[in-house]
Amino acid sequence: MARIAFWVFFWTGLWLGAAQATLVIEAAPADAAAGTEVHDDKAAQPAGEAQTEPYAVPQRKYALLIGIGDYRNLNPVSNTKNDTRLIAQTLFDLGYETQILLDLTTEEIGEAIAGHRAKLERAGRAVSLVYYAGQGAQIDGKSFMIGVDFENTPERSKLTGEGIAVEPNQEDLVEANTAGINLFFYDSSRDDPFVASDSRGSLQLAALAPVKTPELNSLIIYSASTGQQALDGANPGAQYSPFAQAVSKAVATPGLDHSEMFRALRNEVIDLTAGRQVPEMHDAMSVRFVINPGPPQDEPETDPKSRAATALYRADSGRLVPTYEDGSYALLIGQSDYDQIGDGRQAWRDLPSVKGEIERLAEVLETVHGFEVEQVLDPDSAELEEALESFVNRNGVKPNARLFIYMAGHGVTTERYGNKVAWFVPRDAPSTSPLGPFVNTALNLRRIEEWSEIMEAKHVLWLFDSCFSGAAIKMIESRSGEEKKDGWSVHLHTNPVRRVITAGSENEEVPAESRFTQRLIDVLAGAVKLGDGTTITGQQIGAFLREDIVRYTFKQGLPKVTPQSDTIVIPDEEGDIIFRLEPQLVADWQQAGTGR
């Protein structure tokens, strides 16, 4: 049977003179198992040298990379071979003996795995990495890799009889390398191929299922979560899949252990696909494995911006630990210029101060707290919905992220049948009379509960600088119990929270010139000292704004305004959102004079 396979032969002229990795050229996987001489390449430890790692990483490193794209009877996948070459080059540069096999038949996939197993058995102890890019399928909870020669068929028995089962081959490789490290990367969709069909009625075979708990010291990474499609490219004309790009970048980053490496590649895929694809990991590692050893760059202990962005705290062990490994993200929405409705009159007066408030808030979040900030000014109803949905979809899926969502503009509370509903008013909303057209345009603030429930992000803070916004909290069942202690609390840093802070209560109109936002900026910039002066919690911010604004309006003889703060959605054991104040960043902000 003719075989379409090759081993990075065209790289030899470029690399063999300088690289220390082994480059093997063979004709077939079966031959590879029998014909490759294995050399003992373990480096001797100098006498008396202290062991710097608790686990001695194996010196032998083998990578098997299979890319299948030009299917004879199934839909082709254009980027799989490019992806395989990209990952191979990345691993070759890290010293892996790298085997690339392209467009294999089902039989040849089996031979390739058998050859890799034989290599591991001879080595005795190695780092083994297997990467598969191509069509796959999930049948009754079992996963299959699909060879280039597979015949399209609606019969499940055809696939289960002729596909390459993932789980037993995976187990065989781990068994052959029980003393080593076993890494598996699968760039394939994970939906059921018998659910959908293309226009010709043929099956879309593109799925890999989760497997049972992996063996010790093995790591399994899927390019997509169960039920998701794995994209062949983030954009039309893309040369690589989002997963391959992310794997190459994360693996090449020095100093990341296996958990950090996965977190980096997962977030990269989420960003590249706008949340449409979320990688998944099954971790059975009993040791900390660094795939690319080297000194970490930009140690957070010495970088004020990194310390602020991740809100480093001191754990019980005394070690500084980042709270927000997945990043800090802010969405700032401001309604300033409202449309003319109907006969040319405006249903809602303009709020000219909002734009400047948004800009100052963005500056303090970016420069003092390391947030990635998005600003959306004067959205209409559709743009408002799209901005919120997009932000939640992209960043809400990051488990250790901090999200800050701020909305300034007109708000209103309506009441029907004894039920009060709070609304945020977009640019194009008509008046509330008649009510029907208004409710079809305005944003029902009960949506914040829906978004808060689906988000995985650790800490989420919603802030509303609008009239009658306190009704948003009353509409949703409060979850907060006793007040938590402020300061360096592991509990606050590690447990999730969904906090809401509003500029006023459900029956109060807030002034157009917002003291609420200005005092919020003062707190975040360190101009107001709360707690220990090094960290600020969401609870502290809410309590301060309430006390400050109630006192101010009373002294000025203004209508009463009472900011509200509460938590929603999380049933018990809430943490709180944390803001770490770095003296250098605070000083730079104050010196720049951007606070007012």
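Fair warning: this is a prediction, and the values are worked out from it, not measured in the lab.
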field: Non-hydrogen side-chain atoms of Ile87 and Val251 separated by less than 4.5 Å
entry: no
- request: Return the orientation label for the Tyr62 and His116 ring planes: parallel under 30°, perpendicular over 60°, tilted otherwise.
  value: perpendicular
Min side-chain heavy-atom separation Trp451-Val460 under 4.5 Å: no
field: Exam field: side chain Arg117 to backbone Asp172, donor-acceptor pair closer than 3.5 Å
entry: yes
query: Quick one: does Glu260's side chain have a donor or acceptor within less than 3.5 Å of a partner on Asp257's backbone?
result: yes
field: Derivation of the side chain to side chain contact (heavy atoms under 4.5 Å, CB included) call for Gln245 and Glu268
entry: CA-CA 8 Å; Gln245 285 182 256; Glu268 182 78 5; 5.8 Å; no
- request: Check the pair Asn292 / Thr253 against side-chain hydrogen bond (donor to acceptor under 3.5 Å, both in side chains), numbers first and verdict last.
  value: CA-CA 7 Å; Asn292 182 10; Thr253 302; over 6 Å; no
- prompt: Does a side-chain N-to-carboxylate-O contact under 4.0 Å join Arg394 and Glu374?
  reply: yes
message: Do Leu183 and Phe289 make a side-chain contact, defined as non-hydrogen atoms from C-beta onward lying under 4.5 Å apart?
response: yes
task: Spell out, as yes or no, whether a donor-acceptor pair under 3.5 Å connects the side chain of Ser328 to the backbone of Ala309.
output: yes
query: Would you say Asn177's side chain and Leu120's backbone share a donor-acceptor pair under 3.5 angstrom?
result: no
statement: Value for CD (Glu280) from CZ (Phe262), rounded to nearest 0.5 Å, stands at 7.5 Å
Partner of Tyr222 under ring-ring contact (aromatic ring centres under 6.0 Å, His included), chosen from Phe185, Phe243, Tyr186: Tyr186
- line: The reported gap from NZ in Lys249 to OG1 in Thr90 (rounded to nearest 0.5 angstrom) is 12.5 Å
field: Check: Ile221 and Met261 side chains under 4.5 Å, non-hydrogen atoms
entry: yes
- prompt: Are the aromatic ring centres of His369 and Phe579 under 6.0 angstrom apart?
  reply: yes
query: How long is the span from the CG atom in Leu581 to the CZ atom in Arg307, to the nearest 0.5 Å?
result: 12.0 Å
message: side chain to side chain contact (heavy atoms under 4.5 Å, CB included) for Trp462 and Ser452? Distances and angles first, verdict last.
response: CA-CA 9 Å; Trp462 297 86; Ser452 294; 3.0 Å; yes
query: Can you list the steps and then say if Leu365 with Leu524 is a side chain to side chain contact (heavy atoms under 4.5 Å, CB included)?
result: CA-CA 8 Å; Leu365 289 170; Leu524 295 175; 3.9 Å; yes
message: Using the side chain to side chain donor-acceptor pair (under 3.5 Å) definition, which of the options Asp83, Thr80, Asn79 pairs with Ser241?
response: Asp83
- prompt: If you round to the nearest 0.5 Å, how far is CG of Leu461 from OG1 of Thr567?
  reply: 11.5 Å
message: Would you say that Ser259 contacts Glu325 through its side chain, given a criterion of any heavy-atom pair below 4.5 Å between the two side chains?
response: no
message: Taking Glu389's backbone N and O only, do any of them form a donor-acceptor pair with Asn393's side chain (distance below 3.5 Å, no angle check)?
response: yes
statement: Closest heavy-atom pair, Asp70 versus Asp103, reported as atoms and distance to 0.1 Å, is N-OD1, 3.2 Å
statement: Nearest heavy-atom approach of Tyr132 to Ile146 is OH-N, 3.2 Å
Spacing of CD belonging to Glu366 relative to NZ belonging to Lys305, to within rounding of 0.5 Å: 8.0 Å
message: Tell me whether Arg263 contacts the main-chain N or O of Asn400 through its side chain, where contact means a donor paired with an acceptor under 3.5 Å.
response: no
field: Passing option when Glu97 is tested against Lys61, Lys119, Arg60 for salt bridge (charged side-chain N to carboxylate O under 4.0 Å, His left out)
entry: Lys119
- prompt: Should Leu129 and Ile291 count as side-chain neighbours, where that means a heavy-atom distance under 4.5 Å?
  reply: yes
- prompt: Between the side chain of Gln277 and the main-chain N/O of Ser223, is any donor-acceptor distance below 3.5 Å?
  reply: yes
query: With under 30° as parallel and over 60° as perpendicular, where do the rings of His459 and Tyr324 fit, or are they tilted in between?
result: perpendicular
field: Heavy-atom pair of closest approach, residues Met145 and Val166
entry: CG-CG2, 3.9 Å
query: Are the side chain of Thr84 and the backbone N or O of Leu65 linked by a donor-acceptor pair below 3.5 Å?
result: no
Met285 to Ile181 - nearest heavy-atom pair and separation: CE-CD1, 3.6 Å
message: Taking Asp326 first and then Lys458, would you say they form a salt bridge - that is, a charged N and a carboxylate O separated by under 4.0 Å?
response: no
message: If you define the side chain from C-beta out and look only at heavy atoms, does anything of Gln170 sit under 4.5 Å from Ile220?
response: yes
query: Taking all non-hydrogen atoms of both residues, which atom of Gly180 and which atom of Asn217 are closest, and how far apart?
result: O-CB, 3.6 Å
message: Testing the basics here: between Gly147 and Ile68, what is the closest heavy-atom pair and its distance to 0.1 Å?
response: CA-CD1, 4.2 Å
Expected output: side-chain Thr323 to main-chain Ala311 donor-acceptor under 3.5 Å: yes
task: Give the intermediate values and the outcome of side chain to side chain contact (heavy atoms under 4.5 Å, CB included) for residues Thr537 and Ile578.
output: CA-CA 5 Å; Thr537 67; Ile578 306 292; 3.9 Å; yes
field: Atom pair NZ/CG of Lys398 and Asp271 - distance to nearest 0.5 Å
entry: 3.5 Å
- request: Return yes if some donor-acceptor pair links the side-chain N/O of Arg498 with the main-chain N/O of Val569 below 3.5 Å, else return no.
  value: no
